[in-house]
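What follows is a single structure, written as structure tokens, with notes after it.
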Amino acid sequence: MIDVRLLRHDPESVRVALARRGKPELLQQLDAAIALDEQLRQITSERDGIRARVNELSKQVGQARRDGDNAAAELLQAESRTLGDGEKNLAERFDAVQAQLREIMLRLPNTPSAEAPDGASDHDNPVIKGPEQMPASFPDHRRVAHWDIAAELGVLDNERAVKLSGAMFTMQRGPGAQLSRALCQYALDKNADAFEEIRPPSLVTTATLTATGQLPKFAEDAYAIERDDLWCIPTAEAPLTSMYAGEILDESQLPLRLMAYSPCYRREAGSAGRDTRGMLRSHEFDKVEIFALSTPEQAPSTLIELRDRAEALIGGLGLPYRIIEICTGDMGQSHHRSFDIEVYAPGCDTWLEVSSVSWFSDYQGRRADIRYRRAGEKGTHIANTLNGSALAVPRVWAAIMENFREPDGSVIVPEVLRPYMRGLDRISPKG
RNA sequence: GGAACGGUGGCAGAGCGGACAAAUGCAGCCGCCUUGAAAGCGGCCGGCUCACAAGGCCCGGGGGUUCGAAUCCCUCCCGUUCCGCCA
């Protein structure tokens, strides 16, 4: 959520920043919010005045009763009762206006960072590291799509996954299942030097999913368990961000680094039928997320740290990759600044987004009410949140199949993963 | 799922219609004392809104009763213990 006070004191800066997202309707919503806030403040001051008077009268009633002056008490009570009716009226208007304002604010996206590049869509995302174009120099035996490779090796059984769960579910088996698990272990172990490992719940409350920004706007994209008012997490970002919701941390605890493996659930409401082959897009997948809470001052360098760590994992596997920065027109709802890491998959002949690393400024922190206190200071400040996929399993899995295929059809297991695969160094066709 | 008891400030824990933002203890901060520290003494010591004013709001959430609610009523949520079920 954007700071309402900023809206009040410097609406122009918010307007200019939001305009960079290139969606004119956002500016209309912004104006509506500003107007509602103004209304709210007026109602508040009026209502508080009445309340002050009622409080004062009530004290006098108590005093009169103690003094035994019942006649005076009756009079004061009558006056207070009348005021109370007016207050009730104002309180109702307050609630109504506040609800409207909140609804708009919850759906208004974050302002982009000054460093974020301008652009209208994903076509404008600059490549900041690695090749602009897809590499051409791949031998024919690596120009095979991973679903064909996997079928040959018997490591992917999506037909049976569909039998169990319907379209867009995957099932790995044998060395394929091992590979998924190995990737998670690898990602966790490589970040254990600085990140506390968490095993969070995969089902969370509405409040938890609202804090990170998935709700209320993107309810269609998440799996809901309505009977129990719970949601399946689309990413471990959700539970990790809300771990310290409602708490006040000490500045000395920041930056606070957490990581978690979790399954991720996505309805993919808008993309049914797209990229559905093999492991490219599915309703459930595994991911290791890295996360940090920080002060605004620490955030820019923490963002780079997270990005470097995500890059190191992909680099460590030996996969060809590039890093792009997300432009203002393509940026997610909660994002302030964001990078993607893409791996080249020669079989599919495409770049696959395997990691996304983002800084959310105080947008999520305010929604989750995560605050910190500076040493020697009285007040509190909203914490900044940052997170990144350390490693999203399915697409990396696919890229490994396609990049490390040998002429004989077998797939070489990256060296760093072998300890997690019971020493297996090569996945060969059965029989 | 059933029963009982609970949910108050960083923690522990009183208060159970009026002078309560809320005793007390611990922790924390400042000062005195001390070569330094401990002890002792004095003071401070929750959050939000707001102009770190006034005023207002917050005693799990929401609603109600009342001139007035931490305190009474309703409801929901959460916790503990026992029973049931269960990996």
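Lettering follows sequence order; numbering is per chain, from 1. Just the heavy atoms: all of them, side chains too, but no hydrogens, waters or symmetry mates, feed the values below.
With both ends at atom P, the span from C57(B) to A70(B) equals 10 Å, rounded to whole Å. Here the separation of C73(B) from C5(B), taken at their P atoms, is 13 Å to the nearest Å. G31(B) and G36(B) are spaced 13 Å apart, taking the P atom of each and rounding to whole Å. Atom P of U66(B) sits at a distance of 16 Å from the matching atom of U71(B), rounded to the whole Å. When the P atom is used for both C20(B) and C74(B), the distance is 29 Å, rounded to whole Å. Atom name P, nucleotides C52(B) and G13(B): the rounded distance is 36 Å, in whole Å. For A22(B) and C58(B), the C1' atoms lie 12 Å apart once the distance is rounded to whole Å. Comparing U34(B) with C48(B), their C1' atoms sit 42 Å apart, to the nearest whole Å.
Figure legend. G9(B) is base-paired to no nucleotide; pairs are counted as Watson-Crick or G-U wobble with both atom distances under 3.5 Å. Nucleotide U81(B) forms a pair with A3(B), judged by Watson-Crick or G-U wobble geometry with both contacts under 3.5 Å. Of all nucleotides present, only U49(B) satisfies the Watson-Crick or G-U wobble test against G55(B), with each distance under 3.5 Å. Judged by Watson-Crick or G-U wobble contacts below 3.5 Å, the nucleotide A14(B) has no partner. Pairing for C33(B) is absent, judged as Watson-Crick or G-U wobble with the two contacts each under 3.5 Å.
Panel note: side chain Ser242(A), backbone Pro239(A); no donor-acceptor pair is recorded below 3.5 Å.
Residue contacts shown for Arg5(A) are limited to sugar-phosphate atoms, with no base heavy atom under 4.0 Å away. Using a 4.0 Å heavy-atom cutoff across all strands shown, Ser58(A) reaches at least one base atom of the nucleic acid. Contacts of Ser45(A) with the nucleic acid, taken as non-hydrogen atoms under 4.0 Å apart, are absent. Backbone-only engagement by Arg373(A) is indicated by non-hydrogen atom pairs under 4.0 Å involving sugar-phosphate atoms exclusively.
Note that the CH2 atom of Trp397(A) and the NE2 atom of His146(A) stand 6.5 Å from one another [nearest 0.5 Å]. Taking CD of Glu237(A) as the reference point, atom OG1 of Thr385(A) lies at 7.5 Å (rounded to 0.5 Å).
A donor-acceptor pair shorter than 3.5 Å cannot be found between the side chains of Ser428(A) and Ser410(A).
Atom CG in Asp48(A) sits roughly 7 Å away from atom C1' in G55(B) (whole-Å rounding). In this structure, Asp85(A) places its CG atom 10 Å from P of C67(B), rounding to the nearest Å. One atom, CG of Asp37(A), and another, P of U49(B), lie 12 Å apart when rounded to the nearest Å. Straight-line distance from the CZ atom of Arg53(A) to the C1' atom of G68(B): 14 Å, rounded to whole Å. One atom, CD of Glu87(A), and another, P of G64(B), lie 11 Å apart when rounded to the nearest Å. Distance Asp369(A) CG to G61(B) P: 13 Å, rounded to the nearest Å. Here U66(B) presents its C1' atom at 13 Å from CD of Glu74(A), a figure rounded to the nearest Å. Nucleotide G46(B) holds its C1' atom 16 Å from the CG atom of Leu249(A), rounded to whole Å.
Judged by a 6.0 Å distance limit and a 45° cone about the ring axis, Arg47(A) is positioned over the six-membered ring of Phe94(A).
For Asn55(A), taking side-chain heavy atoms from C-beta onward, the closest of the listed nucleotides C67(B), C57(B), G47(B) is C57(B). For Val61(A), taking side-chain heavy atoms from C-beta onward, the closest of the listed nucleotides G47(B), G56(B), C67(B) is C67(B). Considering only the side chain of His9(A), A51(B) comes nearest among A51(B), A19(B), C67(B).
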Open item on the list: Between Asp250(A) and Arg374(A), is the salt bridge (Lys or Arg N to Asp or Glu O under 4.0 Å) condition met? List the steps.
Closed with: CA-CA 7 Å; Asp250(A) 205 277; Arg374(A) 295 208 162 105; over 6 Å; no
- [ ] Begin from the C-alpha positions of Arg281(A) and Glu268(A) and carry the test salt bridge (Lys or Arg N to Asp or Glu O under 4.0 Å) through to its verdict.
- [x] CA-CA 8 Å; Arg281(A) 189 180 294 279; Glu268(A) 301 291 354; 3.1 Å; yes
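Phosphate contact (OP1/OP2 of C48(B), side-chain N/O of Arg371(A), threshold under 4.0 Å): present. Between Arg51(A) and the phosphate of G56(B), there is no side-chain N or O to OP1/OP2 separation shorter than 4.0 Å. Taking 4.0 angstrom as the limit, Arg65(A) places none of its side-chain polar atoms (N or O) nearer than this to OP1 or OP2 of C67(B).
Residue order along RNA chain B, read from the 5' end via each residue's closest nucleotide, puts Ile248(A) first among Ile248(A) and Asp95(A). RNA chain B is contacted by both Ser80(A) and Lys59(A); Lys59(A) maps to the nucleotide lying nearer its 5′ end (nearest heavy atom per residue).
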